[in-house]
Q: 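If you scroll down you'll find the structure; I have some questions about it.
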Amino acid sequence: MLDPDRYDDVAETFDRYSERTGFPITECLMEMTQVNCGQHVLDVACGSGIVTRRAVAIVGETGVAVGIDLSPGQIRVAKQKAQETGASSEDFIVMDAMNLTFPANRFDVVVAQFPHFPSRQRCIGEMVRVLKPGGRFAICNGGGGASTWPLKNAPTPANIPKGGVVDSLFRSCLEAHFPQLIARPAGNAPAKTTHPQVSLRNELEQAGLDEIALWSYAYTSPFYAAEEAFEWESLRMSLYRMRHAELDPEKIAAFKADYLDGAQEKLNLHGVLGLTTGALFGTGAKP
Ligand SMILES: C[S@@+](CC[C@H](N)C(=O)[O-])C[C@H]1O[C@@H](n2cnc3c(N)ncnc32)[C@H](O)[C@@H]1O
């Protein structure tokens with residue numbers, strides 16, 4: 001089975017950074033779908049299992065949380081981490097979101113956090129098929145632009161001055177050194193649309209969901225080393241990660257040096273760097 005986004009080799013590092021930077025997004029998904037003790041939860045495109053692990057903790061011993069992903073490397077890390085925390089590693093399965101092998105109406109809650117789907121319509125349709133009538137659905141992509149979810153379990157905001165936030169630095173260095181990368185989309189990462197809120201609402205309506213609502217949430221995580229900020233940006237920016245092997249190593253070195261110079265300057269000035277993880281959520285219920 002092919003992992004079109006080449007997540008296999010980066011699963012461990014991806015897990016470390018995405019848990020550290022994205023935990024409030026996971027918390028939003030749990031609150032929006034009202035995950036509760038004893039429920040059956042499915043996490044689609046679970047990656048290294050960040051959301052599934054949180055759901056396992058909430059549903060407890062009487063519930064079940066299952067994570068599926070196309071990448072065997074991500075599932076291997078998810079299983080390893082489950083074992084370390086005493087959870088069941090059998091609940092992580094290599095599976096294509098295009099063809100979920102579960103029966104219809106199986107789960108109380110179905111979620112997907114930053115999924116990369118080959119066909120969003122087909123995969124969202126599959127997610128809704130396996131959801132019980134009355135069950136709750138939530139999906140999130142990168143972005144924002146809707147009302148902020150009133151997160152009950154919100155983290156204390158890190159004290160990061162505006163000048164220390166380096167959200168646009170990686171992309172602007174990439175544009176300067178590798179303009180050809182920016183011009184082409186990469187893998188299954190969702191394409192940028194002009195009206196993401198309208199597209200998301202349409203997707204959920206077409207899948208037959210009721211009670212559709214859109215929400216946003218953003219969290220800026222602190223970084224105390226420019227190298228670390230570079231490492232996380234290199235991983236999360238799919239179009240760079242996936243084409244890295246095609247690029248001239250000397251040009252990569254120049255690009256990296258440029259980024260590190262810019263980031264270090266900010267770090268010296270502010271004592272901290274900030275990188276924001278923002279999400280646009282779509283929620284609904286199966287009639
Ligand atoms: C950005 S990662 C998000 C992972 C995880 N949900 C998280 O928040 O950490 C996107 C995931 O989509 C998975 N993916 C891509 N195509 C898929 C497919 N057809 N079926 C299931 N998962 C897929 C990738 O393997 C990758 O783990």
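Each ligand, and each atom within it, is numbered from 1 in the order the structure gives.
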Q: Could you list the residues that satisfy side chain to side chain donor-acceptor pair (under 3.5 Å) with D258, not counting sequence neighbours?
A: H177

Q: F223 ring centre to R20 NZ or CZ under 6.0 Å, with the angle to the axis within 45°?
A: yes

Q: Using a 4.0 Å cutoff against the non-hydrogen atoms of P118, which atoms of ligand 1 qualify?
A: 19 (N)

Q: A quick test of your reading: do over 12 heavy atoms of other residues, nucleotides or ligands sit less than 6.0 Å from CD of Q121?
A: no

Q: Using distance alone, determine whether V44 and ligand 1 share an N or O pair under 3.5 Å.
A: no

Q: Taking only non-hydrogen atoms of V51, do any sit less than 4.0 angstrom from ligand 1?
A: no

Q: Using a heavy-atom cut-off of under 4.0 Å, does the side chain or the backbone of F117 touch ligand 1, or both, or neither?
A: neither

Q: So, does M95 sit close enough to ligand 1 that a heavy atom of it is under 4.0 Å from the ligand?
A: yes

Q: Give the atoms of ligand 1, by number and element, whose distance to some non-hydrogen atom of D96 is under 4.0 Å.
A: 18 (C), 19 (N), 20 (N)

Q: Distance under 4.0 Å to a non-hydrogen atom of F114: what atoms of ligand 1 satisfy this?
A: 1 (C), 2 (S), 3 (C), 10 (C)

Q: Hey, is ligand 1 close enough to D43 that some N/O pair sits below 3.5 Å?
A: no

Q: Check for a donor-acceptor pair, side chain of D43 on one end and backbone N or O of T52 on the other, with a separation under 3.5 Å.
A: yes

Q: With F170, which of W232, Y259, F178 fulfils ring-ring contact (aromatic ring centres under 6.0 Å, His included)?
A: Y259

Q: Who's closest to atom 6 (N) of ligand 1 heavy-atom-wise, of G47, P72, A45, S18?
A: A45

Q: Give a yes or no on whether a salt bridge exists between E12 and R76, defined as a side-chain N under 4.0 angstrom from a carboxylate O.
A: yes

Q: Where's the contact between S48 and ligand 1, heavy-atom distance under 4.0 Å: side chain, backbone, both or neither?
A: neither

Q: Indicate, as side chain, backbone, both or neither, the part of I50 found under 4.0 angstrom from ligand 1 when only non-hydrogen atoms are considered.
A: side chain

Q: Please name all residues satisfying salt bridge (Lys or Arg N to Asp or Glu O under 4.0 Å) with E231, sequence neighbours left out, ordered by chain then number.
A: none

Q: Record the part of H116 in heavy-atom contact with ligand 1 below 4.0 Å; permitted values are side chain, backbone, both and neither.
A: both

Q: Counting only N and O atoms by type, is there a donor-acceptor contact under 3.5 Å from the side chain of Q39 to the main-chain atoms of D108?
A: no

